[in-house]
Amino acid sequence: MHKDSGIETLALDAPATEGDALVARASRRAITRRGAVGLLGGAGALAVGGLPIAPAAGEVRIDITRGNIEPLPIAVTEFFGVSEDEAGIGRDIASVITADLERSGLFAPIDRRAFIQTAASMKVRPRFSDWRVINAQALVNGSVELKPDGRVRVEFRLWDVFAEAQMLGRAYQTEQPHWRRVAHIIADAIYQRITGEQGYFDTRIVYVAESGPKIDRTRRLAIMDQDGANHRFLTDGRAMALTPRFSPARQEITYLSYFNNTPRVYLFNIRTGRQEVLGAFDGMTFAPRFSPDGNSVIMSHAEAGNSDIYLMDLRTRTPRRLTDHPGIDTAPSFAPDGERITFESDRGGSQQIYVMNVDGSDLHRISFGEGRYATPVWSPRGDLIAFTKLHRGEFFIGVMRPDGTGERLLVGGYHNEGPTWAPNGRVLMFFRETRGEQGSSTLFSIDLTGYNLREVVTPGDASDPAWSPLNP
């Protein structure tokens with residue numbers, strides 16, 4: 001059961017013959033968004049903890065580690081509904097799924113005008129010859145049913161067209177207003193079944209919304225779904241807000257606010273709107289980020305011209321100093337296991353990336369390329385650290401291994417900054433500023449291989465994005 005919206009998930013077996021009903025032998029089982037246990041029919045396999053067993057030989061599959069790959073042709077039909085309201089929701093769900101998959105750069109959705117078989121006639125089983133002729137390798141169909149109690153039931157099936165076999169089948173029941181989130185969850189399930197990697201569509205982005213002239217910007221917090229839907233502002237702009245970061249465990253954000261012109265780290269509860277200053281430090285606090293378990297916040301504290309890194313336990317509100325050096329230590333980020341921390345420092349004479357243990361021991365530099373390095377962020381997978389690099393007047397977004405080897409620059413330009421990871425560790429988001437007094441600030445995403453650069457549309461200028469974990 002999904003905590004926020006009460007979404008119940010059921011697994012569907014594959015119909016064995018043309019005459020079987022769509023919901024043949026539905027296995028009723030409530031599962032969580034993570035740690036799912038579902039029965040996958042047909043060519044599928046048993047998935048435990050979200051980790052599928054290796055697919056059968058020849059099954060439709062995308063290897064996302066190969067770099068610039070040819071997107072997989074996929075057909076996503078409108079979800080069938082008997083009533084006009086059901087059919088309308090079905091069209092909207094199919095559109096959201098299609099947009100999610102296309103935006104990943106791994107799928108090439110086929111124009112629905114090319115479809116031969118109708119959604120209604122697929123209630124039993126697809127006519128696979130109709131889909132092969134338009135070059136669909138994978139096929140998604142489904143249905144929508146509005147219940148008397150106001151809830152909506154959404155079913156979908158993923159098919160391997162050439163094998164003529166079901167790869168995945170599930171049904172979801174929830175309150176009608178949550179249909180859009182169900183669409184993202186379905187897109188995640190399709191992504192994971194075909195790539196073998198966790199999806200990232202059922203997520204949100206918090207960022208700094210900017211307005212006004214560059215010399216006097218209003219900066220306030222805003223939040224939206226990863227596709228830009230459900231956008232809303234969290235703060236009113238009277239106090240400048242910067243560097244928002246999601247909690248991995250609660251509906252909270254930590255961020256920097258200039259309330260009363262004093263930089264302080266705050267906690268913000270997304271549900272209630274309640275906010276509180278974190279700690280009673282002399283001087284300024286900034287660059288906050290949660291620990292992987294959500295029980296602590298790591299941040300920089302500047303006093304008397306010196307900036308060091310502190311860790312605060314949110315349960316006791318007790319701060320602990322981790323660095324003690326005349327240089328500027330800032331922008332800390334935890335490894336996903338919580339055992340190590342990466343941060344930037346000029347202690348060696350220029351802005352570089354360092355790594356240390358969570359107790360401050362074994363502190364060492366890992367960036368040794370040309371230029372300056374900033375804003376390190378550890379991947380959720382633990383295998384890479386993303387960063388901003390300044391070299392010869394250009395700003396680059398890049399990645400390197402935690403030991404400093406394997407540096408790769410993904411994108412460069414006038415001013416690219418502030419990388420944040422999708423929860424599957426395969427996509428980065430950042431912001432880009434353009435030159436001049438009339439220049440803008442825009443969010444972009446790019447995949448880990450350096451391909452599929454996409455603008456992330458926001459109502460106005462945007463900076464400092466932070467990607468949420470998968471929604472609970």
Can a donor-acceptor pair be found, under 3.5 Å and without considering hydrogens, that links the side chain of [X] to the backbone of [Y]?
X      : Y      : answer
Ser468 : Ile205 : no
Thr318 : Asp313 : no
His301 : Met299 : no
Ser247 : Glu252 : no
Ser350 : Gly371 : no
Asp464 : Val208 : no
Lys389 : Glu370 : yes
Thr388 : Ile397 : no
Thr254 : Tyr266 : yes
Arg193 : Met167 : yes

Quick one, [X] and [Y] - any side-chain contact, counting heavy atoms below 4.5 Å?
X      : Y      : answer
Asp329 : Leu322 : no
His391 : Leu409 : no
Ser143 : Phe79  : no
Phe107 : Thr98  : no
Val297 : Arg245 : no
Asp227 : His184 : yes
His231 : Pro459 : yes
Arg432 : Leu453 : yes

Over 12 non-hydrogen atoms of neighbours within 6.0 angstrom of [atom1] in [X]:
X      : atom1 : value
Ile328 : CD1   : no
Arg238 : CZ    : no
Arg372 : CZ    : no
Phe281 : CZ    : yes

Pick one: which of Ile185, Ile97, Thr195 meets side-chain contact (heavy atoms from CB on, under 4.5 Å) with Ile190?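 Answer to the side-chain contact (heavy atoms from CB on, under 4.5 Å) test with Ile190 among Ile185, Ile97, Thr195: Ile97.
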Consider side-chain contact (heavy atoms from CB on, under 4.5 Å). Of Asp202, Val76, Asp100, Val154, which one does Ile186 pass it with?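 Exactly one option meets the side-chain contact (heavy atoms from CB on, under 4.5 Å) with Ile186, and it is Val154.
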[X] and [Y]: which non-hydrogen atoms are nearest, and at how many Å?
X      : Y      : result
Ala241 : Thr235 : CB-OG1, 4.4 Å
Ser367 : Met400 : CB-CE, 4.0 Å
Gly425 : Ser379 : CA-OG, 4.0 Å
Phe430 : Glu417 : CB-O, 3.4 Å
Val427 : Ser445 : CG1-CB, 4.2 Å
Asn424 : Gly199 : CB-O, 4.3 Å

Separation of [Y] [atom2] from [X] [atom1] (nearest 0.5 Å):
X      : Y      : atom1 : atom2 : result
Arg250 : Phe290 : CZ    : CZ    : 6.5 Å
Asp225 : Thr203 : CG    : OG1   : 8.0 Å
Glu344 : Thr375 : CD    : OG1   : 6.5 Å
Arg426 : Arg381 : CZ    : CZ    : 4.0 Å
Phe201 : Arg181 : CZ    : CZ    : 15.0 Å
Leu448 : Leu428 : CG    : CG    : 6.5 Å

Side chain to side chain contact (heavy atoms under 4.5 Å, CB included), that's the test. Do Val182 and Val152 meet it? Break it down for me. CA-CA 10 Å; Val182 169; Val152 60; over 6 Å; no
Does Val358 form a side chain to side chain contact (heavy atoms under 4.5 Å, CB included) with Phe334? I'd like the steps, not just the answer. CA-CA 8 Å; Val358 71; Phe334 272 96; 3.6 Å; yes
Lys/Arg N to Asp/Glu carboxylate O, [X] vs [Y], below 4.0 Å:
X      : Y      : result
Asp403 : Arg401 : no
Asp92  : Arg180 : no
Asp461 : Arg217 : yes

Mutual orientation of the aromatic rings belonging to His415 and Phe395 [parallel < 30°, tilted 30-60°, perpendicular > 60°]: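 If you compare the ring of His415 with that of Phe395, the planes turn out tilted.
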Can you confirm whether the side chains of Thr323 and Asp308 place a donor and an acceptor under 3.5 Å from each other?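 Present: a donor and an acceptor within the cut-off.
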Using the rule given for salt bridge (charged side-chain N to carboxylate O under 4.0 Å, His left out), can you reason through Glu276 versus Arg317, listing the C-alpha separation, both sets of side-chain angles and the distance that settles it, and then say yes or no? CA-CA 12 Å; Glu276 60 173 306; Arg317 292 301 198 265; 3.0 Å; yes
Does the pair Ile223 and Phe246 meet the rule for a side chain to side chain contact (heavy atoms under 4.5 Å, CB included), with working shown? CA-CA 11 Å; Ile223 192 170; Phe246 275 101; 3.9 Å; yes
Residue among Trp421, Tyr207, Tyr200 satisfying ring pair (Phe, Tyr, Trp, His ring centres under 6.0 Å) with Trp467: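 Exactly one candidate clears the test, Tyr200.
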Start with the C-alpha gap between Asp149 and Arg151, add the side-chain angles, then the distance that decides, and say whether salt bridge (charged side-chain N to carboxylate O under 4.0 Å, His left out) holds. CA-CA 6 Å; Asp149 62 3; Arg151 292 188 301 165; 3.0 Å; yes
Side chain to side chain contact (heavy atoms under 4.5 Å, CB included) for Arg289 and Ile341? Distances and angles first, verdict last. CA-CA 11 Å; Arg289 196 178 293 269; Ile341 295 163; over 6 Å; no
